[in-house]
Structures are given as structure tokens and as C-alpha cells.
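What follows is one structure encoded as C-alpha cells, with my remarks underneath.
One-based numbering, in listed order, for ligands and for the atoms of each.
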Amino acid sequence: MAETALLAIDQGTTSSRALAFDLTGRVIAVAQEEFAQGYPRPGWVEHDPEVLWATVLSTARKAFSAAEDKGFRIAALGVTNQRETTLVWDRASGRPVHNAIVWQDRRTADICARHRADGAEDMVAARAGLVLDPYFSATKLAWILDNVPGARVKAEAGQLAFGTVESFLIWRLTGGRVHVSDATNASRTSLYNLAAGDWDEELLALFRVPGAVLPEVVDCAGHYGDSDPVIFGRPVAISGAAGDQQAAAIGQACLKPGEMKSTYGTGAFMLVNTGAEPVRSRARLLATTAWRLNGVSSFALEGSVLSAGAAIQWLRDGLGLIARASEAAGLAAGADPDSGVYLVPAFSGLGAPYWDPDARGLITGLTRGSGKAEIARAALDSVAYQTHDLLEAMRADGVSVSTLKVDGGMARDADFLQRLADITAVEAVRPVNTESSAWGAAFLAGLGAGEFGGIEDARALWRAERSFRPAMDAARRETLVGGWRTAVKRALG
Ligand SMILES: Nc1ncnc2c1ncn2[C@@H]1O[C@H](COP(=O)(O)OP(=O)(O)O)[C@@H](O)[C@H]1O
Ligand SMILES: O=P(O)(O)OC[C@H](O)CO
């Protein structure tokens, strides 16, 4: 009899991936396709929804066939995704009315500033757990309704559907039959009441969003529907969904209060489990849903860095200093260790704990001796410094930090992880499987399909691969971090 496997669709900011796992979390098949980013104006970031769908479809089919060709049978699939990215589509035709507005997009900074001036910040923090920033979906959705001709009228008449990426993908996978959003993705819209676990009338009124566009909020595991049989040649149960950072936290077995992870993809996101109640941050971190199972939510505190791997991508695509992201550390190794060069990658403003959508990137400390190597060093180190800032905010919120579980694209690089441990003075632990988001989604699908007994099963399936211990002396670290603080002050808007 064929061995059971689970398929994860991981729709990320720069690529769509599909991975098949066996029930122990071992990777059986992988397919990945990068796609183009749209930058139609400074500060705007868009994705073509049809490209998201096409790359998901083709990678999912490849991983599905590869796993089944190896003798496995895919029992269920789970979806994980770049969060906050906002889509609106026509319910009748299934066609999006605008490109997806990506989480990094800053076009609604003025709307957020107006809400802040009107004193809405406290209400949003109390209900949604979030800060007023263009990062979240609510103002992006309102922007589409106000800027696509006729959209608001159609939305009010119930003809348009809103969804974050997992919602759009589940809609398409089920042939337009199922319009849902899992609770973790809903918690990133700024329209969702964390404690009540549902859409919030006051938030909908504030952001001028008609309730008729909203998906039904569902648990992170459960049978949402079956995939259209034409996709894989037979229907496959879709039984798990979570935002990529929440899925990574599950994949990394951050299941008890205090357990934390940091994922290094386009952005970097640190989540610490806070248990059964949302915690109101004093340090401008976010309160967010960690998962919802059987109608019961668990929560997390999150520190969000908006540009991490994006800085490495900029070295590659913006400056042409490297041909592949994996070359960054090698180039940086040749840098003068005392160059004093800092790069603040505020390409999309700065996230936690600064929350400044008007901050812009800069490079400071250049001398005639600075070159490619110093810029590569500064780009890699900027990710470590931003992690340092998040850890300080976590401590200010009473989180006791011992070790940091790491994953995501940048976590493949051992030199980066050593530098991260040195600059943060915290041990970084890398698991065997750094595709934690995909594994988290596959695990949730398995949970929804009855393959696992409960969320705690994820703990036994987590294994450390390598640990990176801090080795830099404290005085040097203080000097380096001091230079970073000065550079950040200059970048703030
Ligand atoms: N070896 C590496 N060194 C540094 N950065 C890397 C490396 N490999 C990948 N990255 C960066 O990680 C990001 C991709 O990670 P991934 O987890 O796939 O992100 P996403 O889900 O946001 O698309 C890119 O921004 C890339 O520049
Ligand atoms: O695509 P990633 O992995 O950088 O993740 C994006 C986050 O979900 C945005 O909140």
C-alpha cells in the first residue's frame, strides 16, 4: 500500500513553492518558481494574481506527481502564504479586479496617518492587536474599492470577494466554491477582532469595508473543501491553512508560551507564543493569532522586519553586485571589519519597533576605501541588527529570550547565522528542515485530515540540525550596534 504524504503549497513574496512531506516531516518532493515583482511607482509593490495562481498550479502539480511517482499517496493539502497581500476578485467571473497589493506596499501611508490623527490607533490596537500601518490589508482593500472604477458599488452589492493569498488560492483550487480565510491570515487584515475571533464591525466601519466582500473565517485545520478534480486528476482534500509566519512557528514547534522563532525570507518575522490570550505590547510589537483549532485560538507576539532577504535581493537585482543570493556572504567575507559602513534597508519604510512608513533606505559611513564587500557586509548585518532591535522589544515586553529557532531562505547561510548570533548575543538554532512554513502547512493539513492527534505532535517531529553560539566580545558588539542606531535615526522619515 502506498505510504501517506501531505502536500504544502507555500505562496511566498518572491516565489511559489510546493513540497510533499511524509508523516515524519521528511521532504519527498519540492518544486519552486520565482516570479517578477511589480514596482509601478516608488513605494508601491504589486503581484499579478494570475502569475501567483499559475506558479502555484504548476509547482503543486510537479510536487504532487513527483511524490506519487515515488510511491506515496497525497492524502491532503495545506496552504501557507505571504500574509496581508490583498486581492479583490469578481465572484461571477473569478477574475481579480486589480493586481494584488503586496504587504510591502506603502501607497496607503496617508490614509493611515489620517486615521492616526483622528485618534484611531488605540481602538485598532485593542481590537486588531495591530498598529496603524499600510502593511496590513484593510487600507489596501479600501484603496482598491476607491480606485477601481465601479468597485465600491459592486462590493456593496455582494458581487466582489476580498481575500488574502490563501483565501484566493483556496477559492481557485476549489473551482470558486469555497470563500474562506483562516484565522491567522484574518488576524493580519486589521478587520478582525483578535479576542472575539471574528470580523469586527467597528474596524469595518473605520476602514470603510463592506461586510459583503469578506470570506468566512475558519480554523487552521479542517476540511474546507476538495480541489477541483482537473487539477491533480482526482479531488484532494484541502484541510490546513495558515499565514507563512504562523505556519513556520508551528513547523518550528513554538507551541508553548515563551517559545520563539525568526524566519528570514523577504522580510524577517519573529514570533513568540503567548498562549491563550492576546498580549497588548508596550514595545510596538503586534498581537496576532498563532493558530485556531476547534474554534479555540492561541496567540503570539510578533516583531516584523519589512526588508531582510530583500536587501540581498537588491544586491543581486538592484546593484548587480552578486549573481545569486548565496554569493553575498562570500563577498562580505572580504570586507574591512572596521569599515563603519551601515545599510538601513528601509525600502518599504521600517517595521517593528519603529513603524515608520516614510523612512527610506540609506547607506552611511562610506569612504573612498568602501567597496562591494563592505556593502554586502552591511546588507547582511542589517538583518542581524534588525533582529537585535526585535529582541530588545521582546525583552521590553517581558519575554525572556534564551535561544532563537531560525528558518527561511537566509537561514541556509551559516556565515549569516554566525553573524546573527554574534550581533544579537543570542544562540541561533537551525532545524533539519528550514522550510518550516511549508512543513507547518503540511502538518496542519495532516491534522485536518486526522493523520495527527493534536498540535503537540509537531514537537516530536522537530529536530535541530546546527546551533550558532555568540562569539563576539561585548564591547565590539556594543560599538557595532551603536553605529546601527545612529544610522537608523538618519533613515527615519
Ligand atoms: N544563501 C543566502 N544568503 C543570503 N540571502 C539568501 C540566501 N538564500 C536566499 N536568500 C534570500 O532569502 C529570500 C528568499 O527566502 P524565502 O524564504 O524563499 O523568501 P520568500 O518566502 O519571502 O519569497 C530572498 O530575499 C533571498 O535574497
Ligand atoms: O514571503 P515572506 O516569507 O517574506 O513572508 C511575508 C510575510 O508573511 C509578510 O507578513
Problem - salt_bridge(D381, R419) N-O dist < 4.0 Å - result: yes
Exercise for the section: Indicate yes or no: does R284 engage E121 in a salt bridge with an N to O separation below 4.0 Å. Expected result: yes
Practice task
May I ask you to test the T289-Q246 pair for a side-chain heavy-atom distance under 4.5 Å?
Solution key: no
Practice task
Would you check if N147 and H98 make a side-chain contact, meaning some heavy-atom pair closer than 4.5 Å?
Solution key: no
Handout entry: Output field: ring centroids H388/W484 closer than 6.0 Å
Key = no
Problem - Centroid-centroid under 6.0 Å between F269 and W103 rings - result: yes
Exercise for the section: Kindly confirm or rule out an N or O of R83 lying under 3.5 angstrom from an N or O of ligand 2. Expected result: yes
Exercise for the section: Using distance alone, determine whether D244 and ligand 2 share an N or O pair under 3.5 Å. Expected result: yes
In ligand 2, which numbered atoms sit nearer than 4.0 Å to a non-hydrogen atom of [X]?
X    : result
Y135 : 9 (C), 10 (O)
E84  : 9 (C), 10 (O)
T13  : 1 (O), 2 (P), 4 (O), 6 (C)
T266 : 4 (O)

Practice task
Over 60° means perpendicular and under 30° means parallel, so classify the ring planes of W355 and Y135, tilted if in between.
Solution key: parallel
Practice task
Determine, using heavy atoms of G267 and all atoms of ligand 2, whether some pair is separated by less than 4.0 Å.
Solution key: yes
Problem - Shortest non-hydrogen contact between A63 and A29, atoms and distance - result: O-CB, 3.6 Å
Completion exercise
Contacts for ligand 1, heavy atom under 4.0 Å, by chain and number, are G12, T13, T14, S15, R17, G265, T266, G309, A310, I312, Q313, A325, S326, G408, G409, M410, R412, D413
Exercise for the section: Could you tell me whether the side chains of T164 and E84 share a donor-acceptor contact shorter than 3.5 Å? Expected result: no
